[in-house]
Asks: 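Structure in structure tokens, see below.
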Amino acid sequence: MVKTLISVDPQKLPWQQDTPLHNRWHPDIPPVASVQEGQVFRVECVDWTGGQIRNDESSDDVKNVDLSQVHYLSGPIAVEGAEP
């Protein structure tokens, strides 16, 4: 079975996750995990709204999405021995 490197709990808000999430790629954001070159792994992600859109047959959550709370990303992940 493939190792899950980063897990998310859909019942938790993005800022409550065990592994921190972020909203941009920037060199000052430290890796939350590392892998070897060629290693196969799994990464779980929250949806782009941070879980604001529910599977509840209503469009109100789409209509009322808070656009200041979007674009959550899992990672960064360092690749051992990789160079820019």
Asks: List the steps, then state whether side chain to side chain contact (heavy atoms under 4.5 Å, CB included) holds for Leu73 with Leu21.
Replies: CA-CA 6 Å; Leu73 305 169; Leu21 302 176; over 6 Å; no
Asks: Using side-chain contact (heavy atoms from CB on, under 4.5 Å) as the criterion, list what pairs up with Glu57, not counting sequence neighbours.
Replies: Asn55
Asks: I'd like to check the side-chain hydrogen bond (donor to acceptor under 3.5 Å, both in side chains) partners of Ser34; sequence neighbours left out, ordered by chain and number.
Replies: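 Counting only residues at least two positions away or on another chain, Ser34 forms a side-chain hydrogen bond (donor to acceptor under 3.5 Å, both in side chains) with Glu80.
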Asks: Side-chain contact test, heavy atoms from C-beta onward, threshold under 4.5 Å: evaluate it for Val35 versus Val40 and give yes or no.
Replies: no
Asks: How would you list, by chain and number, every residue that makes a side-chain contact (heavy atoms from CB on, under 4.5 Å) with Ser58, sequence neighbours excluded?
Replies: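 Ser58 satisfies side-chain contact (heavy atoms from CB on, under 4.5 Å) with Asp56, Asp60 once adjacent residues are dropped.
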Asks: Using the ring-ring contact (aromatic ring centres under 6.0 Å, His included) rule, collect all pairs that involve residues 10-38, keeping only residues at least two apart or in two chains.
Replies: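 Only His22-Trp25 qualify under ring-ring contact (aromatic ring centres under 6.0 Å, His included).
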Asks: Distance-only, no hydrogens or angles: does the Gln17 side chain make a donor-acceptor pair with backbone N or O of Pro14 under 3.5 Å?
Replies: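 Looks like no, no N/O pair under 3.5 Å.
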Asks: Please list all pairs meeting salt bridge (charged side-chain N to carboxylate O under 4.0 Å, His left out) that have one or both residues in residues 61-77, counting only residues at least two apart or in different chains.
Replies: none
Asks: Can you tell me how far apart NZ (Lys3) and CG (Leu5) are? Round to the nearest 0.5 Å.
Replies: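 Output value for this atom pair is 6.0 Å.
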Asks: Can you list every salt bridge (charged side-chain N to carboxylate O under 4.0 Å, His left out) pair that touches residues 4-15, not counting sequence neighbours?
Replies: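 Non-adjacent pairs meeting salt bridge (charged side-chain N to carboxylate O under 4.0 Å, His left out): Lys12-Asp18.
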Asks: Would you kindly confirm whether Val2 and Ile6 end up in one hydrophobic cluster when ILVMFWY residues are joined by side chain heavy atoms under 4.5 Å apart?
Replies: no
Asks: Apart from Ile29 itself, which Ile, Leu, Val, Met, Phe, Trp or Tyr residues share its cluster (side-chain heavy atoms under 4.5 Å, direct or through members)?
Replies: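 When side chains under 4.5 Å apart are linked, Ile29 ends up in no cluster with other residues.
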Asks: Tabulate below the donor-acceptor pairs under 3.5 Å that side-chain atoms of residues 41-48 make, not counting sequence neighbours, or state none.
Replies:
from, atom 1, to, atom 2, distance (Å)
Arg42, NH2, Glu44, OE2, 3.4
Glu44, OE1, Val8, N, 2.9
Asp47, OD1, Thr49, N, 2.7
Asp47, OD1, Thr49, OG1, 2.4
Asp47, OD2, Gly51, N, 3.2

Asks: By side-chain hydrogen bond (donor to acceptor under 3.5 Å, both in side chains), which residues pair with Gln69, not counting sequence neighbours?
Replies: Tyr72
Asks: Is Leu13 reachable from Val65 through a run of hydrophobic residues whose side-chain heavy atoms are each under 4.5 Å from the next?
Replies: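 Different clusters.
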